[in-house]
2 protein chains.
Amino acid sequence: MYSYTEENYLKTIYKLSEQGNESINTNSIAEVLQTKAASVTDMIKKLADKKLLNYEKYKGVALTEKGRKVAVDTVRKHRLWECFLYDKLKFGWDEVHEIAEQLEHINSELLTDKLEEFLDFPTHDPHGDPIPTKNGVIKKSNFILLCDAKPNQTLVMSGVADHTAVFLQHLNKISVVLGTEIQITEKNDYDGSIAVKLSGNKSMYFSKDVAKNILVKVK
Amino acid sequence: MYSYTEENYLKTIYKLSEQGNESINTNSIAEVLQTKAASVTDMIKKLADKKLLNYEKYKGVALTEKGRKVAVDTVRKHRLWECFLYDKLKFGWDEVHEIAEQLEHINSELLTDKLEEFLDFPTHDPHGDPIPTKNGVIKKSNFILLCDAKPNQTLVMSGVADHTAVFLQHLNKISVVLGTEIQITEKNDYDGSIAVKLSGNKSMYFSKDVAKNILVKVK
DNA sequence: AAATATTTTTAGGCTTGCCTAAAAATTGTA
DNA sequence: TACAATTTTTAGGCAAGCCTAAAAATATTT
Ligand SMILES: [Mn+2]
Ligand SMILES: [Mn+2]
Ligand SMILES: [Mn+2]
Ligand SMILES: [Mn+2]
């Protein structure tokens, strides 16, 4: 139906919209897609012709409902495939994204549905991101950053704000596993570092750089 | 590494070579790929430049070892994905090919290897076709056509010569399942039809059109 | 408000993979 | 062997997606 490239543009615009920005400008799309502004203008015109987004010269773009559907469906496929790679094929959470970038463009509604069933209808991908439903509903998580959480509450490590492989590999190194329950025991204003305790009297320390990229849920 | 289109050309040339033809001519490639001879000539030149095949004007083409590797690896991925779709996602054997045509172009050696392991190292796909090994070895099956088999031997239905969905759906309708053991009880020269018996005194009849497209192994 | 800097669009061009129409080579036939 | 039919290649062109360089519009300073 839509090309690999078109889906990537729509997904990028969708993600930029989710990050608060009302109208998306040419340069930010170019930056994410590692391409040039002139190329973005070309593609924007084509997507506008196909009613996938609204475009007014020099004013940026916004997805139409039709465009949002395509984008969310691509995100849905991406995250389901990440679950498959992680849960079934035992890839590390730092390895799944690149392969899912390819798999998300496989075009078969039946495949997506059967994959979802095979995976037992997962609600979140290996990075804690929510999986949109078949009808495009995406439950927004009430996660907060670990660096913003209060002491003396039971927190569940539930996601990451930084999806880069280097960050995820660092989390592997310091043995961070999503789903782990923690309580903040100490917050250091000086360097922003945080000490937490886990079940079984174990403790961990997070630098500010790490704490600001871990998402937790208050239990 | 190689484009979707390049892989499809190489796979097509490989399959035509397997069907006995020593040197592959332009028109037969065009027919399989549903494209025009002029387009094939264009692509052939590019593939020859990349040393994936040997080409002499007006003399047809033959894959180089390098080209054969790419083709066989694509076939390997195709058949592994068919196993996944059939065994794990419970697709019918008439549904898997189209989706595997897309999945075979996913580019990740690690993915292919992990998929193979997840599937428990299958040797044959749902249609009875052998799965090439990682190093490109493909065991050629000693299957014969049911219409050529002799009576009073135990035969195992092991594959199909016709891969079209209509044929496979017809086999579903008459309850043909690969792996079933049969013995020919009657061969009718008049219309080429064949009667067989199964375990438990059940019997089946195959028209010539069906019998000439079922592959059996002599037990 | 004018000048300057930044962003966006336009113009023109490239590659890949496809097409049609015409030319060239090969194959089949009289 | 000469003519006809078929196959293959060449020539020229198109759409998708990308590029650089230049022009136009918008935003920011002074
Ligand atoms: Mn991802
Ligand atoms: Mn993810
Ligand atoms: Mn197939
Ligand atoms: Mn098959």
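So that the names make sense, note that chain A is the first sequence line, chain B the second, and so on, each numbered from 1.
Phosphate contact (OP1/OP2 of dT9(D), side-chain N/O of Thr26(B), threshold under 4.0 Å): present. Between dT8(D) and Asn25(B), a contact under 4.0 Å exists linking OP1 or OP2 to a side-chain N or O. Between Lys57(B) and dT10(D) there is a side-chain N or O to OP1 or OP2 distance below 4.0 Å.
One interatomic measurement links the two molecules: CE of Met1(B) to C1' of dT16(C), which rounds to 17 Å at whole-angstrom precision. Distance Asn8(A) CG to dA16(D) P: 17 Å, rounded to the nearest Å. Lys45(B) places its NZ atom 8 Å from the P atom of dT9(D), with the value rounded to the nearest Å. Taking atom CG of Asn27(A) as the reference point, atom C1' of dT8(C) lies 8 Å away to the nearest angstrom. Here dG17(C) presents its C1' atom at 15 Å from CD1 of Ile29(B), a figure rounded to the nearest Å. Atom OH of Tyr55(A) and atom C1' of dA25(D) are 11 Å apart (whole Å). Atom CD in Glu56(B) sits about 14 Å away from atom C1' in dT8(D), given to the nearest Å. Atom P of nucleotide dT7(C) and atom CD1 of Ile24(A) are separated by 16 Å, given to the nearest angstrom.
Using a 4.0 Å heavy-atom criterion, one finds that Tyr9(A) contacts the sugar-phosphate atoms exclusively. Note on Lys59(A): nothing from the nucleic acid sits closer than 4.0 angstrom, heavy atoms only. Nucleic acid contact for Tyr4(B): none, since no nucleic acid atom lies under 4.0 Å from a heavy atom of the residue. Across all strands, Lys46(A) comes closer than 4.0 Å to base atoms (heavy-atom distances).
Proximity of a side-chain donor or acceptor of Arg68(A) to a complementary backbone N or O of Gly136(A) within less than 3.5 Å is detected. With hydrogens and angles disregarded, a donor-acceptor distance shorter than 3.5 Å links the side chain of Ser158(A) to the backbone of Val156(A). Remark: side-chain polar atoms of Lys187(B) are paired, donor with acceptor, to backbone N or O of Cys147(B) under 3.5 angstrom. Under a 3.5 Å cut-off, the side chain of Asp125(B) and the backbone N or O of His127(B) do form a donor-acceptor pair.
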Only distances under 3.5 Å count here; give the side-chain donor-acceptor pairs of residues 29-48 of chain A to other protein atoms, sequence neighbours excluded, each with its distance to 0.1 Å.
residue  : atom : partner  : partner atom : Å
Thr41(A) : OG1  : Ala37(A) : O            : 3.2

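Lys134(A) has no carboxylate O lying under 4.0 Å from a charged side-chain N of Glu116(A), or vice versa, which leaves the two without a salt bridge.
Across residues 34-44 of chain A, Ala37(A), Ala38(A), Thr41(A) each have a non-hydrogen atom less than 4.0 Å from an atom of DNA chain C (numbered order).
Using a 30° and 60° split on the angle between ring planes, Phe84(B) and Phe84(A) fall in the tilted class, from 30° to 60°.
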